[in-house]
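Data first, discussion second: the structure below is written as structure tokens.
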Amino acid sequence: MIIQAAEPHYARDFALIYNSANSLFQEQERCDADETTFYKQLQEDQNFIYMEEDTICAFLSFHTFSEYHELTSLYVKREYQRAGIGEQLLSHFEAYAKKSLDNSCLIVKALRNAPWAIHFYQKHGYELLDDRMRRRISNWNLTEKAYERILYK
């Protein structure tokens, strides 16, 4: 079940899920988070959690701008990965975006050192930023940092 989550008490759950999902990385590449990392996100973004029975298994956060929707987080606890939860959350994001801004662009940022994440988004129709799209987004105040890849749909 997917439900909206904005209350600050979810910050602890977000940190636990984030750290669990990031256990895929080698220890020297990991950057664990504590709950303070997510307070601002819970205030400023649209946030949803995926629950299975009484357990929060995953979360999704996104921000809406006038020209596009940016997926800021999609994390699934390690033990729940590869069960379709990420796909359900991504579909939820896309459906929400379609209702609120017709024909708007969907933006996702994925870490360069997470090829599985890039592949996940590509499998769902997202494309890596190309020159044509770079020109389109040049006035959106959106930049691709050295450690990330921007994908769009």
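- Side-chain atoms of E87 do not come within 3.5 Å of backbone N or O of G84 as any donor-acceptor pair.
- Clustering ILVMFWY residues whenever any of their side-chain heavy atoms sit less than 4.5 angstrom apart, transitively, puts I2 in the very cluster that holds L74.
- Listed by chain and residue number, S61, S73 satisfy the side-chain hydrogen bond (donor to acceptor under 3.5 Å, both in side chains) test with Q41 (two or more places apart in sequence, or in another chain).
- Taking CZ from F62 and CG from N47, the interatomic distance works out to 8.5 Å, rounded to the nearest 0.5 Å.
- Separating the CG atom in L142 from the CZ atom in R134 is a distance of 10.0 Å, to the nearest 0.5 Å.
- Contact check on R136 versus E67 returns no salt bridge, with no Lys/Arg side-chain nitrogen under 4.0 Å from an Asp/Glu carboxylate oxygen.
- At distances below 3.5 Å, at least one donor-acceptor pair connects side-chain atoms of K153 with backbone N or O atoms of H124.
- Remark: the backbone N or O of H63 is not paired with any side-chain donor or acceptor of E70 at under 3.5 angstrom.
- With Y126 as reference, L90 is the one residue of I107, L90, I118 to meet the side chain to side chain contact (heavy atoms under 4.5 Å, CB included) rule.
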Decide yes or no on side-chain contact (heavy atoms from CB on, under 4.5 Å) for L106 and F93, but give the supporting numbers first. CA-CA 9 Å; L106 305 178; F93 162 64; 4.0 Å; yes
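- Neither L60 nor L16 shares a network with the other; the hydrophobic side chains, linked directly or stepwise wherever heavy atoms of I, L, V, M, F, W or Y lie under 4.5 Å apart, form separate groups for each.
- Taking the six-membered ring where the residue is Trp, W140 and Y68 present parallel rings, their angle staying beneath 30° rather than reaching 60°.
- Residues I85 and A58 share a closest heavy-atom pair of CG2-CB, 3.7 Å.
- Once rounded to the nearest 0.5 Å, the distance linking CZ of F14 with CZ of F59 reads 5.5 Å.
- Taking all atoms of both residues into account, the shortest heavy-atom contact from R112 to E148 is NE-O, 3.1 Å.
- Between E127 and M133 the shortest side-chain heavy-atom distance does not fall below 4.5 Å.
- Counting only residues at least two apart or on different chains, no side chain to side chain donor-acceptor pair (under 3.5 Å) pair has a member in residues 6-16.
- For the pair N113 (side chain) and L111 (backbone), a donor-acceptor distance under 3.5 Å is absent.
- Between L129 and Y152, the closest side-chain pair of non-hydrogen atoms falls below 4.5 Å.
- Closest approach of A5 to I49, counting heavy atoms only: CB-CG2, 3.9 Å.
- For Y39 and Q43, the side-chain atoms include no donor-acceptor pair closer than 3.5 Å.
- Note that the CG atom of D34 and the CG atom of N19 stand 8.5 Å from one another [nearest 0.5 Å].
- Under the ring pair (Phe, Tyr, Trp, His ring centres under 6.0 Å) criterion, Y80 pairs with no residue at all, not counting sequence neighbours.
- Residues K77 and I56 fail the side-chain proximity criterion, which asks for heavy atoms closer than 4.5 Å.
- Annotation: side chain of L71 is in contact with side chain of Y121 (closest heavy-atom distance under 4.5 Å).
- Atom CD of Q4 sits about 5.0 Å away from atom CD of Q46, to the nearest 0.5 Å.
- The structure places CZ of R135 at 8.0 Å from CG of D130, a figure rounded to the nearest 0.5 Å.
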